[in-house]
Amino acid sequence: MRDEVDLVVPVKTLGRAKTRLTSATGGDPVSHAALALALAMDTVSAALATPGVRRVVTITSDPAVASEMAALGVESLPEPAEPGLNEALRHGARTLGSGRIGALQADLPALRSAELQAALEAAGGRRAFVPDRQGTGTTLLLAAPGGALDPRFGVGSAGHHRISGAVALLGPWPSLRCDVDTEEDLRLALTLGLGVHTANALPAWTT
């Protein structure tokens with residue numbers, strides 16, 4: 001039987017998400033919120049289409065995010081009372097109680113399902129992570145089957161996950177390693193091929 005994973009995707013309230021991307025939308029708060037939502041929707045859409053992914057759940061307290069995710073067939077869980085990304089991921093993992101759990105960042109607008117599938121297969125049942133393109137952050141963290149996720153996201157998360165015993169997965173997966181925090185990151189994602197939601201949120205960039 002195939003070793004399938006349930007992925008938890010944390011999505012901030014749109015008004016406080018991706019603040020370093022405001023220049024990409026000219027500082028307009030409505031356009032900025034639409035872009036932040038589009039990044040998450042393209043990430044989740046690619047994950048849903050990935051063989052080996054059984055289920056995707058978002059962690060968010062934003063009703064607009066929850067509504068759009070529901071349209072994709074994705075359940076959303078509210079953020080826990082305790083603040084912080086790691087606590088949100090632990091909350092999601094506890095709530096799901098899955099045989100195997102993973103955490104996927106929500107800002108991968110160029111994500112290709114084939115690359116995510118390759119990373120899941122490369123993990124080989126181990127607790128593992130995929131570093132971002134700079135090698136310092138983490139875009140994907142996988143628990144071992146039946147094991148704890150033990151997320152350690154934050155500054156230098158790749159090093160923290162490595163020290164905690166997770167195996168670094170370093171395959172040729174540019175779309176999986178291209179998380180978007182800045183306009184420079186977004187331009188690189190554009191060269192890889194943006195998902196349809198992000199492309200529609202940036203008409204001036206893609207025409």
Lys/Arg-Asp/Glu bridge criterion (N-O < 4.0 Å) met for Asp185, Arg133: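 So Asp185 pairs with Arg133 through a salt bridge.
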Would you mind checking if Glu4 and Arg55 are paired as a salt bridge, meaning a charged N to carboxylate O distance below 4.0 Å?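 Not counted as a salt bridge, because no side-chain N and carboxylate O are separated by less than 4.0 Å.
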side-chain hydrogen bond (donor to acceptor under 3.5 Å, both in side chains) contacts touching residues 186-195 (sequence neighbours left out):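 Residue pairs with at least one partner in residues 186-195: Glu183-Arg187.
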Would you mind reporting whether [Y] and [X] have side-chain heavy atoms less than 4.5 Å apart?
X	Y	result
Lys18	Leu39	yes
Leu48	Val53	no
Thr138	Gln105	no
Asp107	Thr43	no
Thr95	Ile59	no

Scan Leu89, Val56, Leu104 and name whichever one has a side-chain contact (heavy atoms from CB on, under 4.5 Å) with Val8.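 Testing each of Leu89, Val56, Leu104 against Val8, the sole residue satisfying side-chain contact (heavy atoms from CB on, under 4.5 Å) is Leu89.
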Using the side-chain contact (heavy atoms from CB on, under 4.5 Å) rule, pick out the option among Thr139, Val130, Leu108, Leu7 that qualifies with Leu116.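 The option that passes is Leu7.
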According to a hydrophobic-cluster definition based on side-chain heavy atoms being under 4.5 Å apart (Ile, Leu, Val, Met, Phe, Trp, Tyr only), do [X] and [Y] belong together?
X	Y	value
Met69	Leu85	no
Phe129	Ile101	yes
Val11	Val196	no

Report the distance from atom [atom1] of [X] to atom [atom2] of [Y], rounding to the nearest 0.5 Å.
X	Y	atom1	atom2	result
Asp181	Gln134	CG	CD	8.0 Å
Leu111	Asp179	CG	CG	11.5 Å
Leu21	Glu184	CG	CD	11.5 Å
Thr182	Arg20	OG1	CZ	6.5 Å

Keeping the roles fixed (side chain from [X], backbone from [Y]), state whether a donor-acceptor pair exists under 3.5 Å.
X	Y	result
His161	Ser157	yes
Ser113	Ala46	yes
Arg100	Val5	no
Thr58	Val9	no
Arg126	Ala122	yes
Ser45	Met41	yes

Identify the two heavy atoms, one from [X] and one from [Y], that lie closest to each other, and give their separation to 0.1 Å.
X	Y	result
Leu192	Ala110	CB-CB, 3.9 Å
Cys178	Pro109	O-CD, 4.3 Å
Pro10	Ala106	O-CB, 3.3 Å
Ala24	Leu186	CB-CD2, 3.9 Å
Glu87	Arg94	OE2-NH2, 3.1 Å
Ala123	Ala128	CB-CB, 4.1 Å

Will you find, in the side chains of Thr198 and Asp42, an N or O donor that is under 3.5 Å from an N or O acceptor?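 The answer is yes; a qualifying pair exists.
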Residues two or more places apart in sequence or in another chain: which of them pass side chain to side chain contact (heavy atoms under 4.5 Å, CB included) with Leu190?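 Leu190 satisfies side chain to side chain contact (heavy atoms under 4.5 Å, CB included) with Leu194, Trp205, Thr206 only.
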When you look at Thr50 and Leu120, which way does the side chain to side chain contact (heavy atoms under 4.5 Å, CB included) test go after all the steps? CA-CA 10 Å; Thr50 302; Leu120 297 178; 4.3 Å; yes
Output all residues satisfying salt bridge (Lys or Arg N to Asp or Glu O under 4.0 Å) with Arg54, sequence neighbours left out; order by chain, then residue number.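 Residues passing salt bridge (Lys or Arg N to Asp or Glu O under 4.0 Å) with Arg54: Asp6.
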What residues form a side chain to side chain donor-acceptor pair (under 3.5 Å) with Asp62, not counting sequence neighbours?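 Side chain to side chain donor-acceptor pair (under 3.5 Å) list for Asp62, sorted by chain: empty.
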Let me check something: any side-chain donor-acceptor pairs from residues 141-156 under 3.5 Å, sequence neighbours excluded? List them with distances.
unit_1	atom_1	unit_2	atom_2	d
Asp150	OD1	Arg152	NE	3.4
Asp150	OD2	Arg152	NE	3.3
Asp150	OD2	Arg152	NH2	3.0

Which atom pairs, one a donor and one an acceptor, fall under 3.5 Å between side chains of residues 167-176 and the rest of the protein, sequence neighbours left out?
unit_1	atom_1	unit_2	atom_2	d
Ser175	OG	Arg112	N	3.0
Ser175	OG	Glu115	OE1	2.7

